[in-house]
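Scroll down for the structure; my scribbles are underneath it.
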Amino acid sequence: MQDPNADTEWNDILRRKGILPPKEKPQDEEEEEAEILQQQSVVKTYEDMTLEELEDNEDEFNEEDERAIELYRQQRMAQWQATQIKNKFGEVLEISGQDYVQEITKAGKDLWVILHLYKQGIPLCSLINKHLTALARKFKDVKFVKSISTTCIPNYPDKNLPTIFVYVDGEIRAQFIGPLVFGGMNLTQDELEWKLAESGAVKTDLEENPKKQIQDHLMTSIRVSIPTKKDSDSEDD
């Protein structure tokens with residue numbers, strides 16, 4: 001009688017048809033699979049644990065597990081630190097001139113800082129402060145700062161307000177000075193976000209410049225409203 005565990009093409013066909021039972025695995029393969037499953041079980045156990053639980057249960061793991069757990073603990077700590085950095089800010093900080101060096105120049109390596117110089121009573125400044133408050137909540141890894149212009153820079157002219165300076169590593173990377181740059185009171189939050197994204201300060205999820213959409217719509221409206229030569233000739237008749 002033919003050995004049902006023999007590695008033959010005919011036996012493979014019979015196994016696929018269900019005529020022969022699955023081939024029996026050698027003992028060493030079964031032991032290896034059992035060991036892998038056991039290791040996966042241990043991995044699953046400590047992956048589900050918090051850092052505190054890992055410390056409480058470290059006596060239950062062997063030396064090999066402890067090395068894996070230590071690596072896992074470092075990964076978890078790095079993820080936690082990255083999350084803390086990413087969610088470090090989330091609001092607009094008010095500063096004065098004496099805070100400038102500490103809060104902007106020495107803000108930190110690779111840290112983007114957005115400074116808004118404003119004055120009370122200027123509507124566009126108030127609008128930009130409102131937009132920046134929302135953007136600070138959206139981009140919590142970016143430091144948003146505002147300051148009354150003359151308390152930060154003595155004799156700073158009101159005609160230059162609002163002004164936004166964008167810094168990284170204490171150096172100015174972009175500047176937006178005066179109401180014309182912002183497009184007046186029609187400025188939307190998305191348009192301001194796009195400007196800041198172009199400077200590199202924020203990573204926007206906007207796919208295209210929202211200002212362009214408005215411009216395209218206006219151009220379409222203008223083209224529709226302008227009479228064609230044919231229409232003019234018809235009116236003359």
Side-chain angles (χ1 to χ4, degrees), residues 51 74-211 214:
L51 294 177
Q74 292 174 5
Q75 292 173 344
R76 287 283 295 273
M77 183 62 70
Q79 290 171 355
W80 179 82
Q81 290 174 342
T83 301
Q84 292 299 106
I85 292 172
K86 188 174 181 180
N87 297 319
K88 186 174 182 179
F89 302 107
E91 59 184 10
V92 181
L93 176 67
E94 180 89 35
I95 67 167
S96 62
Q98 63 185 9
D99 304 317
Y100 180 90
V101 172
Q102 185 64 35
E103 298 295 342
I104 295 177
T105 306
K106 297 182 178 180
K109 182 175 174 56
D110 299 327
L111 178 63
W112 288 91
V113 181
I114 295 170
L115 169 64
H116 176 213
L117 298 181
Y118 75 101
K119 259 192 177 178
Q120 300 285 356
I122 299 180
L124 185 54
C125 288
S126 300
L127 178 65
I128 288 178
N129 275 335
K130 176 184 174 183
H131 290 337
L132 290 179
T133 298
L135 292 175
R137 289 195 294 265
K138 182 175 181 179
F139 302 103
K140 295 182 180 180
D141 57 333
V142 177
K143 188 173 186 178
F144 287 81
V145 181
K146 65 180 180 179
S147 177
I148 294 176
S149 57
T150 49
T151 66
C152 191
I153 304 176
N155 303 316
Y156 192 76
D158 288 356
K159 68 178 182 179
N160 289 346
L161 299 179
T163 292
I164 288 181
F165 293 123
V166 178
Y167 303 81
V168 66
D169 294 330
E171 301 289 335
I172 291 182
R173 285 297 182 88
Q175 56 186 17
F176 307 94
I177 300 175
L180 292 179
V181 173
F182 296 100
M185 290 299 293
N186 291 322
L187 177 72
T188 67
Q189 179 182 317
D190 284 349
E191 289 169 6
L192 182 55
E193 178 179 331
W194 187 265
K195 285 181 179 293
L196 297 177
E198 287 184 320
S199 73
V202 301
K203 294 179 173 60
T204 182
D205 53 6
L206 299 173
E207 295 182 356
E208 63 178 2
N209 186 350
K211 191 75 173 178
I214 297 174

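Remember, it's a predicted structure, so these values are computed and weren't measured experimentally. Side-chain atoms are counted along with the backbone in the values below, which use heavy atoms only and exclude waters and symmetry mates.
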Hey, can you pull the donor-acceptor pairs under 3.5 Å for the side chains in residues 149-156, sequence neighbours left out?
{"from": "Thr151", "atom 1": "OG1", "to": "Ser147", "atom 2": "OG", "distance (Å)": "3.4"}
{"from": "Thr151", "atom 1": "OG1", "to": "Ile148", "atom 2": "O", "distance (Å)": "2.7"}
{"from": "Tyr156", "atom 1": "OH", "to": "Thr163", "atom 2": "OG1", "distance (Å)": "2.8"}

Could you tell me whether Lys109 and Asp169 make a salt bridge, using a distance below 4.0 angstrom between a side-chain N and a carboxylate O? no
Gap between atom NE2 of His131 and atom CG of Leu124 - 0.5 Å precision: 8.5 Å
From Ile104 atom CD1 to Tyr167 atom OH, the distance as rounded to the nearest 0.5 Å: 5.0 Å
What I'd like to find out is whether the side chain of [X] reaches to under 4.5 Å of the side chain of [Y], using heavy atoms alone.
| X | Y | value |
| --- | --- | --- |
| Lys130 | Gln189 | no |
| Phe182 | Ile164 | yes |
| Trp112 | Arg173 | yes |
| Ile114 | Phe165 | no |

Checking side chain to side chain contact (heavy atoms under 4.5 Å, CB included) for the pair Leu117/Leu161: CA distance, chi angles, key distance, verdict? CA-CA 7 Å; Leu117 298 181; Leu161 299 179; 4.2 Å; yes
Which residue is it: Leu187, Asn129, Ile128? I am looking for the one with a side chain to side chain contact (heavy atoms under 4.5 Å, CB included) to Pro162. Ile128
Can you tell which of His116, Arg137, Lys146 makes a side chain to side chain contact (heavy atoms under 4.5 Å, CB included) with Leu132? His116
Check: residues 192-202 side-chain donor-acceptor pairs under 3.5 Å, at least two apart:
{"from": "Glu193", "atom 1": "OE1", "to": "Lys138", "atom 2": "NZ", "distance (Å)": "3.1"}
{"from": "Glu193", "atom 1": "OE2", "to": "Lys138", "atom 2": "NZ", "distance (Å)": "3.1"}
{"from": "Glu193", "atom 1": "OE2", "to": "Thr204", "atom 2": "OG1", "distance (Å)": "2.5"}
{"from": "Trp194", "atom 1": "NE1", "to": "Glu198", "atom 2": "OE2", "distance (Å)": "3.2"}
{"from": "Lys195", "atom 1": "NZ", "to": "Val181", "atom 2": "O", "distance (Å)": "2.9"}
{"from": "Ser199", "atom 1": "OG", "to": "Leu196", "atom 2": "O", "distance (Å)": "2.6"}
{"from": "Ser199", "atom 1": "OG", "to": "Ala201", "atom 2": "N", "distance (Å)": "3.4"}

Donor-acceptor pairs under 3.5 Å, side chain of residues 89-97 to any protein atom, not counting sequence neighbours: which ones?
{"from": "Glu94", "atom 1": "OE1", "to": "Tyr118", "atom 2": "OH", "distance (Å)": "3.0"}
{"from": "Glu94", "atom 1": "OE2", "to": "Tyr118", "atom 2": "OH", "distance (Å)": "3.0"}
{"from": "Ser96", "atom 1": "OG", "to": "Asp99", "atom 2": "OD2", "distance (Å)": "3.2"}

